[in-house]
Amino acid sequence: MAAAATTSDPRVYIGRAILGGMAHVGRVSMLVVEIFRGLKEVRIWVPRAFDEAWNIGVGSLFIVLLVSAFAGGVTAYQAGYQFTGSLPYYVVGTLVVESIVLELGPVLVGLILAGRIGARYAAELGTMRVTEQIDALESLGRSPASHLIIPRVVAGLIMIPVLVVFADIVGVGAGLWAAKQVLPLTNADFTYGAQYFWHPFDAYYSLIKAFFFAAAITIIPCYMGFTTGQGAEGVGRSTTGAVVSSSVIILLLDVVLAKVLLNS
Amino acid sequence: MIELRGVKKKFGEQVILDGVDFVVQDGETVALLGPSGTGKSVLLKHIIGLIKPDAGKVMVDGLHVARLKRKELAQLRYKIGYVFQNGALFDSDNVFENVRLGISDEAKYADADYSRERVAQVIKLVNLPADVINKYPSELSGGMRKRVGIARAIVGEPKYLLYDEPTSGLDPVNSDIIDGLVERLADELGVTGIMVTHDVRGAFRVADRLALLSGGKIIMQGTQEEFLASENPKVKEFLERDFETPSNAAA
């Protein structure tokens, strides 16, 4: 007779991890269904979405622009260091624009907002869960999705791509400025390089990535906050879990979207 | 009528409710007694469908709560006002918005004049000053938060009121005010009430009938006189323990 699996058997842990992961996927899917169901309650979520959009947009603008400016500047400096004497200067324009628009803009903004917005959403909803505010909303016959989740998700889906556009513009601008500090490069050289390998799809690709990242930054923390366990420890765990999970999902989405949209 | 038959609930390996049978007739106020952690709040949350039983059934007005569809459950919840232990007020909304959310009729909720008038009416009913509507929950005392919670529960004119430890954490003076309010609402609004509490003195004042939850079961139901005359050792232990508390000794 085959020996029964014991708790020290690695298969038990792997099985539990798989089941736990599937349960999370199932519950996130249910939350997404709730979001679609709640969309018809426009009167409830639209005013709240405006407030959230303002919080995300204005509240995150400074850090987003700061990070993208530094990313653009450093990319230009490194390009100047590596290519001097071996490649034409206009290549710096190509490198800065393509790096910022295709990768650094959306990913850096995504990771920063996963911390800034994701942590806030998970902590807010987690606190509402442990103080029974979400139960109270349900007890009044109202949908927590249309009051709490949809405004946050919709605001993120609109504002995060807008922030990425700002980040792309400022990152490229900072790259141009930095390149001109270390290389005998003119605006025309930079523009020539930028246009040489430019495809209009690159801009769409940046926005598509931003949109997918926005979904991860909003839906996952809302889910983590919504399913928070008991007490302050539960809120802390949800908040940490929200930031880590949404960051990992952003990196995974980055790979998948690059493969699907650029290499298929 | 609220009716629980053979309701069982476990959280993990911990058995909370182990076959609860409990009936509340229309118009009566029942105090559900029991020590902390015996599942009184869990039982209350079954009635409003916030928790589903593992076994047994919870019926409200003949409707099987766990089997209701989303819209049916929302309709049922409009008939039930739930007063949460710590108020559970929405801390980002002021008192007016908190109470207004309890207006179940969408047309009335959207009517600004009706909302303003109705909220002012219930704020007065729970003995709060009119200017409290512009304050946020963080600016209120514990007793005021509980009263705002009660105002939110009654603003939609429910048939049933479920109170989850309405006096916990309050000093004796505020506890008396809340007990008096529960009593007055039962008389003036004619609602059917269940009050979860471990405060026997308050329960005796407010309730028509009492029930004691212990070990996951309702071990006794009856009037105040029947409880005081009971020879059940668990009932006697619970009553004696409560009457020995400092607040009751002082009273």
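Reminder, nothing fancy here: chain letters follow the sequence lines and each chain counts from 1.
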Salt-bridge present (D26(B), K159(B); N to O < 4.0 Å): yes
Heavy-atom pairs under 4.5 Å with chain A, option from R70(B), Q85(B), R152(B), K45(B) with the top count: R70(B)
Close side-chain approach of I51(B) and K9(B), heavy atoms under 4.5 Å: yes
No-hydrogen, no-angle side-chain donor-acceptor test under 3.5 Å, T167(B) and S175(B): no
More than 12 heavy atoms of other groups within 6.0 Å of Q14(B) CD: no
Ionic contact status for K108(B) with D111(B), cut-off 4.0 Å: no
Interface residue of largest heavy-atom contact number with chain A, from L162(B), I80(B), N86(B), L89(B), under 4.5 Å: L89(B)
Chi angles and distances behind the ring-ring contact (aromatic ring centres under 6.0 Å, His included) call for F84(B), Y82(B): CA-CA 6 Å; F84(B) 285 82; Y82(B) 196 111; 4.3 Å; yes
Interface residues of residues 113-132 of chain A facing chain B - non-hydrogen atoms under 4.5 Å apart: M128(A), T131(A), E132(A)
Sorted by number, residues from residues 17-40 of chain A in contact with chain B (heavy atoms, under 4.5 Å): E34(A), R37(A)
Cationic N near anionic O, under 4.0 Å, R100(B) to E97(B): yes
E52(A) with R48(A): basic N within carboxylate O range, under 4.0 Å: no
Over 12 foreign heavy atoms within 6.0 Å of CZ, F11(B): yes
Carboxylate-amine/guanidinium proximity below 4.0 Å for K146(B) and E165(B): no
Residues E106(B) and R43(A) bridged, charged N to O under 4.0 Å: yes
F90(B) versus chain A, the contacting section by heavy-atom distance below 4.5 Å: both
